[in-house]
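Okay, so here's the structure we're looking at.
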Amino acid sequence: SSGINAEYGEFLRLVGQYIAKLPTLRIFYQTVVKSVETKPTGENGTSIIVSMTGIQRTPQPGVECDGYDIRPSQDIPDWYSPKNSSRWIKETLIFVAPVFIEATEWGEVLALGNASYLQGIDERFDGDTSGLGGSETCGQAFTFGFVETFDSKATYEPPNPYSVPYPSHYSVAGYGWRQVWTYRRIIAAESNGDISTGDVSLQNWDDGNDFPYRYLFFNKTVTQSTVDDWMGGVDLVSMDEAEREAIGYHYWYKNQTYNSNNQSLASQITLNGTYMGTCHGLSKVPYIRDTRRAIGIDSFVMTVDNISGNATDLVGYYYPDTLAIGCYDVDIHRDVGCTYPSYMNDYYPVLPYYIPFRAMTSRELVNLVVAGKTMAQSFLTNSATRLHPVEWSSGSGAGVAAAFMARSRTTTTAEALKNIEIIQSRVQNYTPIKWTIWGKEYPPS
């Protein structure tokens, strides 16, 4: 662990040195969005973002694990409070700019800016923007990941201090503990891949620490009622249960482990928060699969039909304003007790697909560029774009588009769309926006 920490620390140091050489880039760590100030444009109910207010926190002296010593469900209200606390020193920051990017995990700028957005399965059909469909509080399960180590000798671990909300949820589903261990193993001590002491395994398991029992986000009405004292718009009861479910899974799973002589290995499998940077052992925030999703200019939303098709097509629909690419199947981790529209049960053969600039816009907020899970996309489309590589691709496209707007003094995304070829040429300097298959570019130049 100490070696890994040293390498991680060195990585952060080198990244810090690189960032310091970039005169126009500044990163505000441990900062949350508290409010968004907008001003009507006077055109079609749209607004411009004037400023954003953030709360940056620094741990008080003596607080362990850089402030990640207690579970996030217990600490998030403090993160969003502008007042100093026994745990955090706060600074209120006001950001004023000609253009902003929404790339928060929780789609907070959309909610705070009073923009229209989709959430959960509130669509009557794929691409429906009415919000009159299914449930806003049914969507995808979320997960608190954690890391376990296979120690060389028995290591004392105190009993689970928390009650487990849904203990019957746990199962290795016929795979066996070994396959679960190697599924997301991040360090294999043996070069041949055999399970061995010294192994380190990341746990993110459907029938384990996945939490499908209560959606993370409030419905839109409740969310809007919290805007004046914003705390992320997340259900902390749900988060608390997910945390306890995850920790409970660790204790359950370790008791499924045994060696070739059928002897238990439970005493050698330990929860190791070192890799997550937390005292409690879980990730600092939950891994989410869906969030608040924008509705783009002219009510544009990416639909699943445009990213799927016959294998002979090779690629999905190419948008003339493409700024990013992705490829991943429709993958839904369903919430328990929710009824999903029948079309969500169909199979959609996803092809290598394209993401347009219009998916990176907001219908109401004219100077907001949107990236990642918060893009203008249907629930099914998000189920295929929610992976990190796709988020990075859209993030690159959104970043270049925003930089173009700022430098050219382009005040709206609609105006930027008129210059899409210039933006595309600049994006291609950093990331591909076309697919190359068997040596051939699609679409051809």
Side-chain angles (χ1 to χ4, degrees), residues 33 36 38 41 44-49 52 99-123 126-133 136 139-140 216-220 223-224 227 230 232-234 288-304 306-307 319 321-324 326 353-386 390-402 405 412-417 420 423:
V33 181
V36 172
T38 62
T41 64
N44 302 319
T46 60
S47 297
I48 186 170
I49 297 179
M52 291 185 189
V99 59
F100 293 85
I101 299 177
E102 160 65 284
T104 65
E105 280 288 279
W106 300 343
E108 296 176 75
V109 179
L110 296 173
L112 289 168
N114 199 30
S116 299
Y117 61 88
L118 301 172
Q119 181 177 299
I121 54 173
D122 63 348
E123 302 168 51
D126 188 66
D128 178 21
T129 61
S130 70
L132 301 175
E136 300 170 358
Q140 296 244 31
L216 181 61
F217 301 102
F218 295 125
N219 65 41
K220 295 175 188 175
T223 297
Q224 190 61 33
V227 165
W230 185 251
V234 291
I288 64 169
R289 298 179 175 90
D290 71 323
T291 187
R292 302 176 179 99
R293 309 185 306 278
I295 298 173
I297 53 177
D298 298 325
S299 298
F300 178 85
V301 170
M302 271 183 74
T303 60
V304 73
N306 285 336
I307 65 171
Y319 298 93
D321 56 329
T322 290
L323 287 188
Y353 54 77
Y354 305 91
I355 300 173
F357 177 53
R358 282 168 293 166
M360 304 177 190
T361 65
S362 166
R363 184 169 63 188
E364 287 86 9
L365 300 175
V366 298
N367 64 334
L368 181 68
V369 182
V370 182
K373 297 182 185 72
T374 61
M375 289 189 301
Q377 55 186 333
S378 69
F379 177 81
L380 285 178
T381 305
N382 173 80
S383 300
T385 66
R386 61 180 179 78
V390 188
E391 292 186 295
W392 296 331
S393 181
S394 69
S396 296
V400 172
M405 290 177 63
T412 71
T413 51
E415 291 179 34
L417 184 60
I420 194 63
I423 298 172

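- Residue pairs meeting the salt bridge (Lys or Arg N to Asp or Glu O under 4.0 Å) criterion with at least one partner in residues 293-303, sequence neighbours excluded, are Glu123-Arg293.
- Distance alone, capped at 3.5 Å, places no donor-acceptor pair between the Lys220 side chain and the Ser116 backbone.
- Scored by the salt bridge (charged side-chain N to carboxylate O under 4.0 Å, His left out) test, Arg292 finds no partners at all (sequence neighbours excluded).
- Glu391 pairs by the side chain to side chain contact (heavy atoms under 4.5 Å, CB included) definition with Glu105, Lys373, His388, not counting sequence neighbours.
- Annotation: side chain to side chain contact (heavy atoms under 4.5 Å, CB included) contacts of Thr381 (sequence neighbours excluded): Met302, Val304, Ile307, Gln377, Ser378, Thr385.
- Applying the side chain to side chain donor-acceptor pair (under 3.5 Å) rule to pairs touching residues 393-402 yields nothing, sequence neighbours excluded.
- Residues forming a side chain to side chain donor-acceptor pair (under 3.5 Å) with Ser383 (at least two apart in sequence, or on another chain): Gln140.
- With sequence neighbours left out, the salt bridge (charged side-chain N to carboxylate O under 4.0 Å, His left out) criterion links Asp290 to no other residue.
- Qualifying side chain to side chain donor-acceptor pair (under 3.5 Å) partners for Ser130, counting only residues two or more places apart in sequence or in other chains: Arg124, Asp128.
- Residues satisfying the side chain to side chain contact (heavy atoms under 4.5 Å, CB included) test with Asn114, not counting sequence neighbours, are Gln224.
- Take Glu108 and apply the salt bridge (charged side-chain N to carboxylate O under 4.0 Å, His left out) test, not counting sequence neighbours, and it matches no residue.
- Arg363 pairs by the salt bridge (charged side-chain N to carboxylate O under 4.0 Å, His left out) definition with nothing, not counting sequence neighbours.
- Residues passing the side chain to side chain donor-acceptor pair (under 3.5 Å) test with Thr412, sequence neighbours excluded: none.
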